[in-house]
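All residue numbers in this chain count up from 1 along the given sequence.
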Amino acid sequence: MTRIARAFERARIGHRAALITYLMAGDPDMRRTDALALACEAGGADILELGIPFSDPIADGPEIREAGQRSLRGGTRPGDVLSLAASLRTRIEIPLVVMTYLNPVLAMGVEAFAERIADAGVDGLIIPDVSSQISDELRDALDGSGVDHVQLVAPAIPADRAAAIAHASRGFLYVVARHGTTGTRSTLPEDIENRISSLHRVTKLPLGVGFGVSTRDHVHVLASWGADGIVVGSAIVRLAAENPDPDRVRDFVADLAAGLPREAAAFRVD
């Protein structure tokens, strides 16, 4: 069983959802990203997602886009993020997932990139802008390296296409909660409960719901609606941009984690 699978299994046994926290690597710098990563684990994160900054992040809202620009201006490169992941791997227990865009992968080469992230101890990879053809090639390379290629399923995707995406995914299926980009929001989409239920009917993979999830109430509602994992990114990135104090981030993550438990009666049993 992979680290990602174990993280979801522990959450399932505990009658709760798993918390997936996101940090933009290199914002404000790599040393403080390291400290914030440890703070996320200490606060109760089950999985840590590290973003590689990119100049044209089509899926990112203002908080993460601006964090990526700050990181790029500070000189962060993909190799720096993988070095950070390798260092963190020796000091944290939770799975590490890297989120990047396709160009940095192609620049390094698909096979070489798969080997690099595996050597760094990365457990999963998310690429929002990957084509189906490259996705298949990348998944084969990652499968050979023991790294989960996590696929995203967007709103309004037909059931048969969603099932195909889920079949191709590894680790978990990333459910994009809303149209558009990431970013903090005050409300959840009205259709997300039905989408979670529909996706559970086409896959046994855990469902990780993200994009616009910002508060403990959001986390609690999504957990009660059957989300297996809940991704919080922009809210943490914004907090770190205001004040990159690890204790503050730890406390915020702990507050989010307080929303993870759900009633046993509402818990999905495979």
Legend entry - Residues Asp34, Arg31; criterion salt bridge (Lys or Arg N to Asp or Glu O under 4.0 Å); working and verdict: CA-CA 5 Å; Asp34 183 287; Arg31 177 182 62 82; over 6 Å; no
Side-chain ([X]) to main-chain ([Y]) donor-acceptor, under 3.5 angstrom:
| X | Y | value |
| --- | --- | --- |
| His200 | Gly226 | yes |
| Ser135 | Val130 | no |
| Arg65 | Asp60 | yes |
| Asp80 | Arg77 | yes |
| Asp148 | Val150 | no |
| Thr33 | Asp29 | yes |
| Asp228 | Pro206 | no |
| Arg16 | Ile13 | no |
| Ser145 | Ala141 | yes |
| Ser71 | Ala25 | yes |

Inset, instruction - Under the side-chain contact (heavy atoms from CB on, under 4.5 Å) rule, what do Ile230 and Leu256 come out as? Steps first, then yes or no, please. - result: CA-CA 10 Å; Ile230 297 153; Leu256 294 171; over 6 Å; no
Inset, instruction - Please determine if Arg10 and Asp46 form a salt bridge, counting it only when a charged side-chain N lies under 4.0 Å from a carboxylate O. - result: no
Legend entry - Residues Arg139, Asp136: salt bridge by 4.0 Å N-O rule: yes
Extract all donor-acceptor atom pairs below 3.5 Å that involve side chains of residues 115-124 and protein atoms in other chains or at least two apart in sequence.
from: Asp123; atom 1: OD1; to: Arg3; atom 2: NE; distance (Å): 2.7
from: Asp123; atom 1: OD1; to: Arg3; atom 2: NH2; distance (Å): 3.0
from: Asp123; atom 1: OD2; to: Arg3; atom 2: NE; distance (Å): 3.3
from: Asp123; atom 1: OD2; to: Arg89; atom 2: NH1; distance (Å): 2.9
from: Asp123; atom 1: OD2; to: Leu96; atom 2: N; distance (Å): 2.8

Inset, instruction - Would you kindly say whether Arg201 and Ser198 are connected by a side-chain donor-acceptor distance under 3.5 Å? - result: yes
Legend entry - Any side-chain donor near an acceptor of the partner, Ser87 and Arg91, under 3.5 Å: yes
Quick check: do [X] and [Y] have side-chain heavy atoms less than 4.5 Å from each other?
| X | Y | value |
| --- | --- | --- |
| Ile236 | Val253 | yes |
| Met99 | Pro128 | yes |
| Leu222 | Ile196 | yes |
| Val232 | Val219 | yes |
| Phe54 | Thr100 | no |
| Ile126 | Val97 | yes |
| Ile127 | Ile134 | no |
| Thr21 | Leu23 | no |

With clusters defined by side-chain heavy atoms of hydrophobic residues (ILVMFWY) lying less than 4.5 Å apart, directly or transitively, does [Y] cluster with [X]?
| X | Y | result |
| --- | --- | --- |
| Leu38 | Leu50 | yes |
| Val209 | Ile157 | yes |
| Leu102 | Val98 | yes |

Mind listing the closest non-hydrogen atom pair of [X] and [Y] along with its distance?
| X | Y | result |
| --- | --- | --- |
| Leu36 | Asp27 | CD1-O, 4.4 Å |
| Pro78 | Pro104 | CG-CB, 4.1 Å |
| Ala45 | Ile94 | O-CG2, 3.4 Å |
| Val202 | Ala159 | CG1-O, 4.5 Å |
| Gly208 | Val231 | C-CG2, 4.4 Å |
| Ile165 | Gln151 | CG2-CB, 3.7 Å |

Inset, instruction - Give the C-alpha distance, both sets of side-chain angles, the deciding distance and a yes or no for salt bridge (Lys or Arg N to Asp or Glu O under 4.0 Å) between Asp251 and Arg248. - result: CA-CA 5 Å; Asp251 291 346; Arg248 194 163 175 245; over 6 Å; no
Legend entry - Audit row: Tyr22, Val237, side-chain contact (heavy atoms from CB on, under 4.5 Å) steps and yes/no: CA-CA 8 Å; Tyr22 172 97; Val237 169; 3.7 Å; yes
Inset, instruction - Show your working on salt bridge (Lys or Arg N to Asp or Glu O under 4.0 Å) between Arg6 and Glu9 and close with a plain yes or no. - result: CA-CA 5 Å; Arg6 286 198 298 269; Glu9 179 66 7; over 6 Å; no
Inset, instruction - Tell me, with the steps shown, if Val175 and Arg195 meet side-chain contact (heavy atoms from CB on, under 4.5 Å). - result: CA-CA 9 Å; Val175 180; Arg195 288 186 59 219; 3.6 Å; yes
Inset, instruction - With sequence neighbours excluded, tell me which residues meet ring pair (Phe, Tyr, Trp, His ring centres under 6.0 Å) with Phe172. - result: Phe8
Inset, instruction - Determine whether more than 12 heavy atoms belonging to other residues, nucleotides or ligands lie under 6.0 Å from atom CD of Glu93. - result: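 Counting other residues, nucleotides and ligands, CD of Glu93 stays at 12 neighbours or fewer.
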Legend entry - Evaluation steps, side-chain contact (heavy atoms from CB on, under 4.5 Å), between Leu125 and Leu138: CA-CA 10 Å; Leu125 178 67; Leu138 183 60; 3.9 Å; yes
